[in-house]
Amino acid sequence: MGQLALDKAGLLTHFQAPSRPEGQAMRILDTDGTVLRDWQPRPGDRANPEIDRGQLRDLLLGPLDVQWGRGVIQVVPETGDGVLIRFADRRQETFDLVIGADGAWSRVRPALSSATPHYTGVTLVETSLDDVDTRHPDLARLIGDGSVAVYGVNRALVAQRNSGGHVKVYAQFRAPLDWYTNPQRRTGPDAGLDPADVEAVRSSLLTLFDGWAYPVLDLLRHGTAFFHRPLHVLPVPHTWTHVPGVTLLGDAAHLMPPLGAGANLAMLEGAELAEAVAATPAQRSWTRPSAPSRNGCGHGPTGGRNSRRPVWNAS
């Protein structure tokens, strides 16, 4: 789906250079280190190539002049003059179309829906390994060219190779939402942790995964820092009544656990929305003089006095 979106955007050829078809490789281990599955892509298989998220973002942004750091406080639809956005810098502007591509805790969503994400009961703790092929060759062989996953009862360890010898590692388990950060729960058998105390977090995770194969636990022993990633979801299905001039894409619209579809869905939705916007005639023109202004991607109006105001993509 992601490649279909890139093709619609004319970016598929540019995607192929930084993408990693070898990253489709997937190895599944038992907790004792036994290899249960070792799947390798066939030569020329480009069905599901991997790409680093930062590289993908840069590819999609291309030549656009993005206004970073303009936090959105509130989106007010149907003002009679378009959709009003109030920014954190106390400024406000009106636009024809606001696309909430701003993730799980979207500031655009309240203009359409009262739904809020709820905690699934599953927490991820993320760490990473750098220069894995040189510094940790045994782990490099364990991970292979793509990903390795080790599944136990109510817990898992997953490692995914990125480009440049960088590896993301995720410890996954069921836990209270405040497992990591509540200072009132840092004593006793169910204590929370200080996220700044790297060694305390590492020790707690090693205890949680005690009994797993020693080479598998090296994924945690060599992690450089740890970040709390509790998994939230939106109600299924999450729908809303149409509001002129406002819509949602990606996690802002349908937040789900990380099952490999989220970025692909968001990209496809973006491509289809762009097609729909391009095919829809302008429904109104601006009749007041307007100095050239910039939208979330830096584009100003294309005409003069009657130009429509630009789109704001709150991503």
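For the numbers below, each heavy atom of this structure counts, side chains included, while hydrogens, waters and symmetry mates do not.
Here the shortest heavy-atom pairing between Gly245 and Val83 reads O-CG2, 3.4 Å. Between Gly144 and Arg27, the shortest heavy-atom contact is N-NH1, 4.0 Å. The minimum heavy-atom distance between Ala47 and Gln3, with the atom names listed, is O-NE2, 3.1 Å. Residues Leu265 and Met256 share a closest heavy-atom pair of CD1-CE, 3.7 Å. Contact between Gly33 and Leu29 at its shortest, heavy atoms only, is O-CD2, 4.1 Å. Between Thr120 and Arg174, the closest heavy-atom pair is O-NH1, 4.5 Å.
Gln92 contributes no side-chain N or O that, together with a main-chain N or O of Ile85, makes up a donor-acceptor pair within less than 3.5 Å. Arg202 contributes a side-chain N or O that, together with a main-chain N or O of Arg221, makes up a donor-acceptor pair within less than 3.5 Å. With hydrogens and angles ignored, the 3.5 Å screen pairs no side-chain donor or acceptor of Glu272 with any backbone N or O of Glu269. At least one donor-acceptor pair closer than 3.5 Å links the side chain of Asn264 to the backbone N or O of Gly2. Thr127 places a side-chain N or O within donor-acceptor distance of the main-chain N or O of Ala225, the cut-off being under 3.5 Å. Although no hydrogens or angles enter the test, the distance criterion places no donor-acceptor pair under 3.5 Å between the side chain of Ser203 and the main chain of Glu199.
When each of Leu157, Leu208, Val201 is checked for a side chain to side chain contact (heavy atoms under 4.5 Å, CB included) with Leu220, only Leu157 meets the rule.
In this structure the side chain of Thr224 reaches within 4.5 angstrom of the side chain of Ser128, judged on heavy atoms. Contact annotation: the side chain of Pro18 never approaches that of Leu59 to less than 4.5 Å [non-hydrogen atoms, C-beta and beyond]. Between Asp131 and Thr134, some side-chain heavy-atom pair lies under the 4.5 Å cut-off. Annotation: side chain of Glu22 is not in contact with side chain of Arg161 (no heavy-atom distance under 4.5 Å). Between Phe209 and Leu217 there is a side-chain heavy-atom pair separated by less than 4.5 Å. Tyr170 is not listed as a side-chain neighbour of Pro258, based on a closest heavy-atom distance of 4.5 Å or more. The shortest distance between side-chain heavy atoms of Asp218 and Asp138 does not fall below 4.5 Å. You'll find the side chain of Val216 stays beyond 4.5 Å of the side chain of Thr31, heavy atoms only.
Aromatic pair His242/Trp240: centroids not less than 6.0 angstrom apart. For His136 and His222, the distance between ring centers is under 6.0 angstrom.
Sorted by first and then second residue, the pairs that involve residues 110-131 and meet ring-ring contact (aromatic ring centres under 6.0 Å, His included), not counting sequence neighbours, are Tyr119-His232.
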Side chain to side chain contact (heavy atoms under 4.5 Å, CB included) between Ile143 and Val167, worked out: CA-CA 9 Å; Ile143 297 163; Val167 172; 3.7 Å; yes
Side chain to side chain contact (heavy atoms under 4.5 Å, CB included) assessment of Lys8 paired with Met267: CA-CA 10 Å; Lys8 287 176 178 288; Met267 290 166 62; over 6 Å; no
Taking it one step at a time, do Val150 and Leu219 satisfy side chain to side chain contact (heavy atoms under 4.5 Å, CB included)? CA-CA 11 Å; Val150 190; Leu219 294 168; 5.5 Å; no
Just do the side chain to side chain contact (heavy atoms under 4.5 Å, CB included) check on Leu139 and Leu129 with the steps written out, would you? CA-CA 10 Å; Leu139 285 179; Leu129 308 169; 3.8 Å; yes
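A salt bridge between Asp58 and Arg53 is absent, with no side-chain N of the basic residue lying under 4.0 Å from a carboxylate O of the acidic one. Using a cutoff of 4.0 Å between basic side-chain nitrogens and carboxylate oxygens, Asp102 and Arg109 are not scored as salt-bridged. Under a 4.0 Å N-O distance rule, the pair Arg229/Glu126 qualifies as a salt bridge.
With values rounded to the nearest 0.5 angstrom, Ser106 atom OG is found 10.5 Å from Leu255 atom CG. With rounding to the nearest 0.5 angstrom, the CZ atom of Phe15 is 11.5 Å from the CG atom of Asp7. The structure places CG of Leu273 at 10.0 Å from CD of Glu275, a figure rounded to the nearest 0.5 Å. Note that CG of Leu112 is 9.5 Å distant from OG1 of Thr241, once rounded to the nearest 0.5 Å. Taken to the nearest 0.5 Å, the CD atom of Gln16 stands 9.5 Å off from the CG atom of Leu6. We find the CG-OG1 distance between Leu36 and Thr34 to be 6.5 Å, quoted to the nearest 0.5 Å.
Residues Leu12 and Ile51 share a single hydrophobic cluster, defined by chaining ILVMFWY side chains whose heavy atoms lie under 4.5 Å apart. Leu234 and Ile99 fall into different hydrophobic clusters, where Ile, Leu, Val, Met, Phe, Trp and Tyr residues are linked whenever their side-chain heavy atoms come under 4.5 Å apart, directly or through other members. Hydrophobic cluster membership is shared by Val277 and Leu249, with clusters built from Ile, Leu, Val, Met, Phe, Trp and Tyr side chains linked at under 4.5 angstrom. Put simply, Val72 and Leu84 are part of two different groups of oily side chains (I, L, V, M, F, W, Y) that touch within less than 4.5 Å, one to the next. Hydrophobic clustering of Ile, Leu, Val, Met, Phe, Trp and Tyr side chains at less than 4.5 Å, counting indirect connections, unites Trp212 with Val125.
There is a side-chain donor-acceptor pair under 3.5 Å between Ser163 and Asp52. Counting only N and O atoms by type, the side chains of Gln160 and His166 include no donor and acceptor under 3.5 Å apart.
Under the 6.0 Å distance and 45° angle rule, Arg155 does not count as a cation-pi partner of Phe173.
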